[in-house]
Amino acid sequence: MAGVWAENSHCTRNQVGCLIVNNRTIISDGYNGTPSGFPNKCEDCDNKTLPTVLHAEANAITKLAKSTNSAEGSTLYVTLSPCFDCAKLIIQAGIKRIVYSETYRITDSFKLFEEAGIEIKQLKI
């Protein structure tokens, strides 16, 4: 399902999708892209990601902040392993398990997850 959700992204270099699940129910979703109201342009003329782009995990977590749901104890499914900045948001949100498909080129978040006691598992799709 996270892979299907990634297809909503307007990014051309890399489309990433994310779902947050608690008690077998999807409580939030996200994909990488720009904030609401901004043009759906993710890369500059050199094909570098624009600083306005939100990662899929950040989009899903901030959607939760607007709802009555809590991520406490939930599982985050994502097509690309989280970066370090998203890892901090994941920890702060109370997410306890991460399942990802592809490994992001920088893996410093894995140590942070280990220190926080968050289970992380790769499941190729």
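More than 12 heavy atoms of other shown residues, nucleotides or ligands fall within 6.0 angstrom of atom CG in D108. More than 12 heavy atoms of other residues, nucleotides or ligands sit less than 6.0 Å from atom CD of Q122.
Side-chain atoms of N23 do not come within 3.5 Å of backbone N or O of T25 as any donor-acceptor pair. Without hydrogens or angle criteria, S109 side chain to P82 main chain gives a donor-acceptor distance under 3.5 Å. Using a distance-only test at 3.5 Å, with no hydrogens or angles considered, no donor-acceptor pair links the side chain of N47 to the main chain of R13. With hydrogens and angles ignored, the 3.5 Å screen pairs a side-chain donor or acceptor of E43 with a backbone N or O of T12. T79 contributes no side-chain N or O that, together with a main-chain N or O of A2, makes up a donor-acceptor pair within less than 3.5 Å.
Nearest heavy atom pair, residue S70 against residue I27, reads O-CD1, 3.3 Å. When every heavy atom of G73 is checked against every heavy atom of N22, the shortest pair comes out as O-OD1, 4.2 Å. The two residues T52 and F38 come nearest to each other via the heavy atoms CG2-CE2, 4.4 Å. Considering every non-hydrogen atom in both E102 and K124, the closest pair reads OE1-NZ, 3.4 Å. The shortest non-hydrogen separation linking K88 to L112 is CG-CD2, 3.9 Å. The minimum heavy-atom distance linking A71 with S74 is given by the pair O-OG, 2.6 Å.
Hydrophobic clustering keeps L89 apart from V53 (ILVMFWY residues linked when any side-chain heavy atoms are closer than 4.5 Å, directly or through intermediates). The cluster map of Ile, Leu, Val, Met, Phe, Trp and Tyr, joined by side-chain heavy atoms under 4.5 Å apart, puts I118 and L64 in the same cluster. By the rule that hydrophobic residues join a cluster once side-chain heavy atoms approach within less than 4.5 Å of another member, F113 and Y100 end up as members of one cluster. At a threshold of 4.5 Å between side-chain heavy atoms, the hydrophobic network of Ile, Leu, Val, Met, Phe, Trp and Tyr places I91 and I20 in one connected group. Under the 4.5 Å side-chain contact rule for hydrophobic residues, L123 and L80 do not share a cluster.
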- Derivation and outcome, side chain to side chain contact (heavy atoms under 4.5 Å, CB included), residues Y31 and C11: CA-CA 10 Å; Y31 52 87; C11 296; over 6 Å; no
- Is there a side chain to side chain contact (heavy atoms under 4.5 Å, CB included) between C18 and L76 once you walk through the steps? CA-CA 7 Å; C18 175; L76 182 139; 3.6 Å; yes
- Stepwise, does the side chain to side chain contact (heavy atoms under 4.5 Å, CB included) test hold for I61 with I95? CA-CA 10 Å; I61 290 168; I95 294 166; 4.3 Å; yes
- Yes or no on side chain to side chain contact (heavy atoms under 4.5 Å, CB included) for T34 and K41, after CA distance, side-chain angles and deciding distance? CA-CA 7 Å; T34 56; K41 184 173 180 340; 5.8 Å; no
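We find the OH-NZ distance between Y77 and K121 to be 9.0 Å, quoted to the nearest 0.5 Å. The NE2 atom of H55 sits 9.5 Å away from the CG atom of N14 when rounded to the nearest 0.5 Å. A distance of 11.5 Å separates NZ of K96 from OG1 of T75, quoted to the nearest 0.5 Å. From D29, atom CG reaches atom CG of N59 across 9.0 Å, with rounding to the nearest 0.5 Å. Note that CD of E57 is 11.5 Å distant from OG of S28, once rounded to the nearest 0.5 Å. To the nearest 0.5 angstrom, F110 atom CZ is 13.0 Å from F84 atom CZ.
Between I106 and C83 there is no side-chain heavy-atom pair separated by less than 4.5 Å. Side-chain contact check for I26 versus M1: some heavy-atom pair is nearer than 4.5 Å.
In this structure N69 satisfies the side-chain hydrogen bond (donor to acceptor under 3.5 Å, both in side chains) test with no other residue, sequence neighbours excluded. With sequence neighbours excluded, the residues forming a side-chain hydrogen bond (donor to acceptor under 3.5 Å, both in side chains) with K111 are E115, listed by chain and number. Considering only residues two or more places apart in sequence or on other chains, K48 meets the salt bridge (charged side-chain N to carboxylate O under 4.0 Å, His left out) condition with none of them.
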